[in-house]
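Working notes, beginning with the structure itself.
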Amino acid sequence: MQSNIRDAAINLGNIDARPVTGHPFKVWHDRLMSGDLGKWLSIEHDPAKLSGWPLDEITIWVAVAPTPPIADWPDGCGEIGSFYMCSKQRKERRVAWEKAVVDLGYEIKRGVTLPERAAAIRAGLGVHGLNGLMITPDDGSFVDITVLMVHAAPPPDARGFEYDLSPGCGNCGDCIKACPTGAISENGVDTQKCLRNFMNAQQFMPEEYYSKMGRRILGCETCQIVCPKNAALKREQPPAEMTEYMKLENLLTEPDIESIAKYIALDENQTKMQAAFAAANTGRKNLLPLIEKLVGNENKTLDKIARWAVDYLREVRFINGVYYDEYIFSILKREYKMNYINPSAKPKLIIVAGMSGTGKSTTAQNISYQYRMNGIEHEWYHEEMEEHPIRWANGGEFTVGDLNTEDGIKLNIADIYTRWKTLIEYIKSKNNILVMDGCFDQNIIRYFYPGNYPNEKIIEFYDGLLEILQSANLHLIHLYTPDVAANYKKAFKVRGKKWEHIITDGKKDYDFADMIKYQELALKITGRYSGNKLCIDTSGDDWETYMKEICRFLDLQYYDKQYLFVANPEKYTGYFEYKDDKITESVNIICEDGELFCNPDWFTHIKMNEIGENKFELSAFPMIFEYQFIDNDVYITVSGNYDWGIVGKTLKRINK
Ligand code: SF4
Ligand code: SF4
């Protein structure tokens with residue numbers, strides 16, 4: 001019955017082991033050969049031919065053991081995939097199982113290559129994932145598969161059917177979106193595009209993949225990490241001693257191959273090549289001298305990669321999916337270069353910065369949505385919310401000193417630093433993530449420019465502020481538009497005359513020169529931040545792409561924001577009012593082209609999106625309107641946190 005073979009596998013730490021027959025793996029073979037790679041391969045897929053035993057004397061045993069996903073490697077380290085971190089353990093387990101099976105009196109065939117995943121799927125241990133991996137019910141795709149060919153008649157429960165090639169994973173497509181090289185499509189994985197396949201064959205790697213290699217030394221788990229089938233798995237920290245060995249400065253000079261071999265065998269030159277990619281892709285300019293020493297290496301591929309990394313670091317242009325287009329790059333190149341970006345470190349504080357009209361609040365609202373959908377505790381502070389800890393608390397920002405004197409500004413700066421430090425203490429005590437829009441570079445236009453404070457001193461202020469904010473692992477997202485005037489003109493249309501008047505001071509020939517200078521200075525300030533930052537030109541209004549980029553930056557899974565279809569928008573429109581002895585508050589709701597907008601007197605056209613029955617979220621504002629229809633009357637109850645008198649009140653429709 002061979003149950004003792006299964007017992008031996010379980011005793012060695014496998015979670016399951018099952019027998020299958022030795023029928024040829026024809027579906028797997030045909031699929032492999034049909035791809036481009038097929039013309040280079042010659043693989044035997046018939047176990048009978050591989051072993052020389054007749055089909056009815058072959059049992060293939062398949063065992064699986066978990067390889068827990070590894071939590072992020074610390075900054076400054078190269079990364080090894082979880083599967084590879086278990087390499088030594090895996091090898092030992094295989095050898096021990098082989099020995100145990102031989103000791104039980106069975107003959108086995110060593111050194112034959114069988115398709116492990118195909119065998120495991122045939123055994124019913126999991127399903128085929130679109131990302132090319134087998135997905136098990138309990139350990140997702142983070143499993144190690146061991147296959148053993150045993151010279152014995154298959155037991156009656158041995159499965160012999162070829163597995164179904166269609167993905168049984170749910171086909172959500174997240175792995176397609178996440179793969180850095182676009183290797184995954186609805187047809188599965190194109191192995192010729194998969195980064196993993198170049199990690200031991202860098203000489204064949206297309207140069208366009210160099211910047212996509214991130215800081216991977218061995219293994220790429222991107223398509224597994226994003227897979228919902230792995231979402232519930234507990235991630236483990238990499239062993240502390242390995243994080244020391246994997247520091248890029250060590251890998252670029254004398255990688256401790258012997259110590260690393262406790263976990264995984266690495267080739268020294270290939271390790272240096274990957275470390276050079278990693279240093280370049282994480283902007284480690286301080287490692288340039290070490291990379292330069294690799295230039296001229298007798299290994300031509302190492303020489304080529306080192307040259308590329310040196311050039312790349314000197315230019316610093318496109319890092320880990322964060323792009324800088326020519327506009328921002330030309331600004332930054334003049335004086336301050338972006339010098340370090342690491343999207344993988346977990347944020348505590350996220351600030352969406354940029355001038356008005358670039359989409360800060362909409363973006364912050366959507367980030368909040370993404371955190372909610374990812375099931376992560378967080379808060380969103382809109383810059384106009386009541387009792388905002390930076391803007392309004394304790395009498396308000398920039399109110400303790402005269403804006404027109406050096407001493408006055410110094411008092412204000414000290415006050416601002418204290419406000420932020422207090423807020424960071426709060427964030428740390430709650431262990432929460434805080435998303436904020438505004439309240440950052442707006443100080444330039446609101447207070448520093450009116451007080452004629454010089455640029456170099458403004459920069460000094462922000463250098464100090466950024467140092468404080470970095471302690472909360474600030475992730476700074478800077479939205480900008482190259483054409484400043486066009487951005488404002490577009491915003492005037494949406495926000496109305498009152499808002500336009502605030503910006504232009506009522507001047508018809510307003511030339512936006514201050515705004516242009518302000519944006520340029522703000523971008524420079526962001527450029528000086530040595531922590532995590534992402535700059536996005538939002539003039540294309542391609543919000544889905546921007547949000548995906550932001551999610552990558554924040555290490556979040558992206559969710560499409562879906563709203564309900566408002567079947568009868570007219571029933572929500574009209575003039576609504578709240579009245580008591582002291583105050584009257586009102587709001588007008590209109591419908592245009594089937595869409596609902598809230599029109600307060602200080603802003604036009606705030607879009608209303610239906611998020612539940614008779615319940616609307618205001619686009620870019622942290623407010624919810626909930627309708628009630630009682631007899632012939634209509635009421636809106638307003639909730640949220642925003643400095644507007646209607647919040648917390650119920651307004652009644654006065655007229656349509
Ligand atoms: S391992 Fe990486 S490169 Fe390969 S398919 Fe998955 S995500 Fe793409
Ligand atoms: S990410 Fe989605 S499509 Fe890709 S393997 Fe996982 S479940 Fe399948």
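First listed ligand is number 1; within each ligand, the first listed atom is number 1. On a predicted model such as this, the values are computed, not experimentally measured, just so you know. Each residue takes its place number in the sequence, starting with 1.
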### Contact check, side chains of Gln370 and Asn366, non-hydrogen atoms, under 4.5 Å
yes
### Query
What part of Asn131 sits under 4.0 Å from ligand 1 if we count only heavy atoms: the side chain, the backbone, both or neither?
neither
### Query
Without hydrogens or angle criteria, can the side chains of Gln224 and Asn131 be said to hold a donor-acceptor pair below 3.5 Å?
no
### Query
Side chains of Ile264 and Ile80: closer than 4.5 Å at any heavy-atom pair?
yes
### Summary
The protein heavy atom nearest to atom 2 (Fe) of ligand 1 is Cys220 SG, 2.2 Å
### Distance filter under 4.0 Å to Thr222 heavy atoms, resulting ligand 1 atoms
7 (S)
### Task
Answer with yes or no whether Asn171 contacts ligand 2, where contact means a heavy atom under 4.0 Å from a ligand atom.
yes
### Task
May I ask you to check whether Cys172 brings an N, O or S atom to under 2.8 Å from atom 4 (Fe) of ligand 2?
no
### Message
Quick check on atom 6 (Fe) of ligand 1: does Cys179 put an N/O/S atom closer than 2.8 Å to it?
### Response
no
### Message
Can you tell me if, anywhere in Cys223, an N/O/S atom lies at a distance from atom 2 (Fe) of ligand 1 that is smaller than 2.8 Å?
### Response
no
### Query
For ligand 2, which atoms sit closer than 4.0 Å to a heavy atom of Cys175?
1 (S), 3 (S), 4 (Fe), 5 (S)
### Query
Are the side chains of Phe142 and Ile225 in touch, meaning some heavy atoms are under 4.5 Å apart?
yes
### Query
Are Asp537 and Ser539 linked by a side-chain donor-acceptor pair shorter than 3.5 Å?
yes
### Query
If you count the atoms of ligand 1 from 1 in the order shown, which ones are under 4.0 Å from a heavy atom of Ile184?
5 (S)
### Task
Check for a donor-acceptor pair, side chain of Lys49 on one end and backbone N or O of His45 on the other, with a separation under 3.5 Å.
no
### Query
Step by step, would you call Gln202 with Gln270 a side-chain contact (heavy atoms from CB on, under 4.5 Å)?
CA-CA 8 Å; Gln202 289 86 349; Gln270 286 169 343; 3.4 Å; yes
### Task
Run the numbers for me: atoms of ligand 1, each under 4.0 Å from some heavy atom of Pro180, listed by number.
7 (S)
## Note on the structure
Closest to atom 4 (Fe) of ligand 1 among protein heavy atoms sits Cys194 SG, 2.4 Å
### Task
For the residue pair Thr191 and Arg196, confirm or rule out a side-chain donor-acceptor distance under 3.5 Å.
no
### Message
Out of all atoms in ligand 2, which are within 4.0 Å of some heavy atom of Cys169? Include the element for each.
### Response
3 (S), 5 (S), 7 (S), 8 (Fe)
### Task
Could you list which atoms of ligand 2 come closer than 4.0 Å to a heavy atom of Pro228?
1 (S)
### Task
Could you check atom 3 (S) of ligand 1 against the protein and tell me its nearest heavy-atom contact, residue, atom and distance included?
Leu195 N, 3.2 Å
### Message
Quick check: do Ile217 and Glu79 have side-chain heavy atoms less than 4.5 Å from each other?
### Response
no
### Message
Just to check, does Gly170 reach to within less than 4.0 Å of ligand 2 when the distance is taken from its heavy atoms?
### Response
no
### Query
Within a strict 4.5 Å, meaning less than it, do heavy atoms of the Glu207 and Lys304 side chains meet?
yes
